[in-house]
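These figures come from a predicted structure and were not determined experimentally.
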Amino acid sequence: MRRNISRLKAMIRLYETDLLKTDENIDIFDELLKEYSDTNIDYDKKFSDELYEGVKNNLSKIDKAIAISLDNYPLDRVSYVDRALLRIGTYELIYTDTPTPIIINEIVNLSKDYSEVNKLSSSKFNNGVLDKISKTYRDNGSK
């Protein structure tokens, strides 16, 4: 199963929820997403749902961990896409056993594909933030 697609689908749902400030219309959004999705793409829906629900249920702790790692840069100034990706990465670093390099690599790759505009370095930004978080919440960032 393709976990990178699972992370992408969770990112899209978190982006939508953050943008609308509610998850009331998420079912409608999911239906629209199905219309534009390749039905042959194999992904782990359970994992995608776990990421989305995990971030939602632990949002205040996740946002606090991100905010501390931003070094005097307010979280609300981070783009919606990067904020969703940082939240997924932070959730995984704090609450899962997925190896740190895999988490950071996946988030950096998604940043390159969906967040960078005119070669602005959001992938480097996200990499740095997640590296700081991994050093805080994991032993030497090697979990």
Side-chain angles (χ1 to χ4, degrees), residues 1-23 25-27 29-30 32-143:
M1 301 252 179
R2 298 187 53 193
R3 287 191 142 196
N4 58 337
I5 301 297
S6 301
R7 286 182 181 92
L8 172 61
K9 292 199 180 251
M11 179 206 73
I12 292 168
R13 291 176 74 195
L14 288 167
Y15 170 88
E16 173 81 359
T17 301
D18 196 15
L19 187 64
L20 296 177
K21 305 296 182 222
T22 181
D23 62 358
N25 295 322
I26 208 73
D27 293 334
F29 183 70
D30 285 344
L32 290 171
L33 190 58
K34 284 178 192 173
E35 289 180 28
Y36 295 101
S37 295
D38 182 348
T39 55
N40 296 322
I41 293 177
D42 188 24
Y43 79 101
D44 186 344
K45 182 174 179 356
K46 182 178 176 187
F47 179 62
S48 181
D49 291 344
E50 174 193 336
L51 292 175
Y52 175 74
E53 292 298 329
V55 169
K56 241 179 66 173
N57 294 334
N58 298 287
L59 190 59
S60 103
K61 182 175 181 177
I62 289 167
D63 281 356
K64 184 177 179 182
I66 296 168
I68 289 168
S69 299
L70 287 175
D71 294 332
N72 298 319
Y73 190 83
L75 182 58
D76 65 350
R77 298 243 1 245
V78 174
S79 76
Y80 286 100
V81 172
D82 288 323
R83 195 164 42 233
L85 290 171
L86 287 171
R87 285 171 172 166
I88 290 168
T90 303
Y91 169 78
E92 285 194 83
L93 287 168
I94 295 173
Y95 297 102
T96 73
D97 291 330
T98 305
T100 299
I102 291 173
I103 296 167
I104 294 176
N105 185 56
E106 288 286 327
I107 298 303
V108 165
N109 286 336
L110 287 168
S111 297
K112 287 177 183 176
D113 291 341
Y114 297 98
S115 180
E116 290 191 356
V117 177
N118 297 327
K119 302 208 187 254
L120 295 176
S121 58
S122 69
S123 61
K124 290 179 185 177
F125 175 80
N126 291 343
N127 186 12
V129 172
L130 292 174
D131 186 56
K132 287 179 186 178
I133 293 168
S134 74
K135 289 176 180 168
T136 301
Y137 287 91
R138 294 191 167 192
D139 297 330
N140 300 320
S142 61
K143 187 174 179 182

Quick one: does [X]'s side chain have a donor or acceptor within less than 3.5 Å of a partner on [Y]'s backbone?
| X | Y | value |
| --- | --- | --- |
| N58 | G54 | yes |
| N105 | P101 | no |
| R83 | L75 | yes |

Hydrogens and angles aside, do D44 and S6 bring a side-chain donor and acceptor to less than 3.5 Å of each other?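 No, because no side-chain N or O of D44 sits under 3.5 Å from a partner of the opposite role on S6.
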How many angstroms lie between [atom1] in [X] and [atom2] in [Y], if you round to the nearest 0.5 Å?
| X | Y | atom1 | atom2 | answer |
| --- | --- | --- | --- | --- |
| N127 | S121 | CG | OG | 10.5 Å |
| Y114 | L8 | OH | CG | 4.5 Å |
| E92 | D97 | CD | CG | 11.0 Å |

Nearest heavy-atom pair of [X] and [Y]: which atoms, and what distance?
| X | Y | value |
| --- | --- | --- |
| S134 | I104 | OG-CD1, 4.4 Å |
| T90 | A65 | CG2-CB, 4.0 Å |
| L51 | A10 | CB-CB, 3.8 Å |
| N126 | S111 | ND2-OG, 2.7 Å |

Is any side-chain heavy atom of [X] less than 4.5 Å from a side-chain heavy atom of [Y]?
| X | Y | value |
| --- | --- | --- |
| T98 | R3 | yes |
| E50 | Y91 | yes |
| L110 | S115 | no |
| N109 | R7 | no |
| L86 | F125 | yes |
| K135 | K132 | no |
| L70 | P74 | no |

D63: salt bridge (Lys or Arg N to Asp or Glu O under 4.0 Å) partners, not counting sequence neighbours: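 D63: salt bridge (Lys or Arg N to Asp or Glu O under 4.0 Å) contacts with R87.
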